[in-house]
Amino acid sequence: MPRIAPEELLSIGYVARRSGTSVSALRYYEERGLIRAVRSEVDRRLFPRHTLRRLAVIAAGRRIGLSLEQISNTLSAVRIDRAPTRREWTRISAHWAQLVAARISELQALQHDLDGCIGCGCLSLGRCTLFNPGDAAEAEGPGSRWVRAASTSATAQTETAAGKSPARPFKQLRE
């Protein structure tokens with residue numbers, strides 16, 4: 001890490017107040033490698049000013065529902081000794097926008113079928129949209145088929161947009 005002038009270092013309490021992040025979360029983020037502190041002579045954590053920007057990126061990711069692992073994977077492409085550049089933020093936000101679009105697609109599929117069937121295969125509703133003679137859906141595995149279908153479809157869309165080959169979706173059984 002490059003040498004930082006002492007006046008550019010911020011105490012953990014100050015960073016917590018400025019960023020709206022708890023002190024314990026700052027320690028955890030440091031442990032996970034999302035941010036980095038330097039230590040004073042008396043072993044106090046001091047953070048470079050650019051940490052506030054990194055914390056803003058982390059907060060943005062958390063607001064859109066990303067896991068810390070997803071945020072960490074994204075931030076691993078940004079050097080830890082500085083704030084993300086405008087170009088890096090544009091790349092990050094474009095990738096995150098794809099994840100949000102996939103999540104929206106998944107939720108819309110769930111909303112569409114919510115009042116009819118959740119894909120359990122029970123066929124107890126007179127208006128069930130699931131056709132499942134002889135419980136053929138058992139071969140597709142446990143759990144809700146509609147949620148898996150929406151998730152698989154959203155993942156495939158995201159992977160295709162990212163230039164990857166999408167995973168093969170499972171066969172859907174419908175009337």
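Computation of the quantities below employed the complete heavy-atom set of this structure, encompassing side-chain atoms and omitting hydrogens, waters and symmetry-equivalent molecules. These numbers come from a predicted model, not from an experiment.
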Inset, instruction - Check the surroundings of atom CZ in R39: do more than 12 heavy atoms from other residues, nucleotides or ligands lie under 6.0 Å from it? - result: yes
Inset, instruction - Taking S40 for its side chain and R44 for its backbone only, find out whether a donor-acceptor pair lies under 3.5 Å. - result: yes
Legend entry - Flag side-chain contact, heavy atom, 4.5 Å: I12 against R27: yes
Inset, instruction - Measure across G33 and I80 and return the closest heavy-atom pair with its distance rounded to 0.1 Å. - result: O-CD1, 3.3 Å
Legend entry - Contact summary for H50 and A83, nearest pair of heavy atoms: CB-N, 3.6 Å
Inset, instruction - Tell me, with the steps shown, if L52 and L10 meet side chain to side chain contact (heavy atoms under 4.5 Å, CB included). - result: CA-CA 10 Å; L52 293 171; L10 310 172; 4.0 Å; yes
Inset, instruction - Could you tell me which non-hydrogen atom of S22 sits nearest to which non-hydrogen atom of A16, and how far apart they are? - result: C-CB, 4.4 Å
Inset, instruction - Determine the sole option in L66, T21, T74, L75 for which the side-chain contact (heavy atoms from CB on, under 4.5 Å) test with I58 is passed. - result: L75
Legend entry - Distance in Å, T51 OG1 paired with D81 CG, rounded so as to fall on 0.5 Å steps: 10.5 Å
Inset, instruction - Answer whether the closest heavy-atom distance between the side chains of L68 and R62 falls below 4.5 Å. - result: yes
Legend entry - Which atom of P48 lies closest to which atom of R36, heavy atoms considered: CD-O, 3.5 Å
Inset, instruction - Please confirm whether the backbone N or O of E69 pairs with a side-chain atom of S72, one donor and one acceptor, at under 3.5 Å? - result: no
Legend entry - Residue pair W96 / I71, side-chain heavy-atom distance below 4.5 Å: yes
Inset, instruction - Say whether, by atom type as modelled, one donor and one acceptor occur between the side chain of T90 and the main chain of R86 under 3.5 angstrom. - result: yes
Inset, instruction - Please name the pair of heavy atoms, one in L46 and one in S11, separated by the smallest distance, quoted to 0.1 Å. - result: CD2-CA, 3.9 Å
Legend entry - Within-4.5 Å side-chain heavy-atom neighbours: V78 and I92: yes
Legend entry - salt bridge (charged side-chain N to carboxylate O under 4.0 Å, His left out) partner of E88, the single match among R82, R53, R54: R82
Inset, instruction - Walk me through it: do H95 and Q70 pass the test side chain to side chain contact (heavy atoms under 4.5 Å, CB included)? - result: CA-CA 11 Å; H95 173 67; Q70 290 172 307; over 6 Å; no
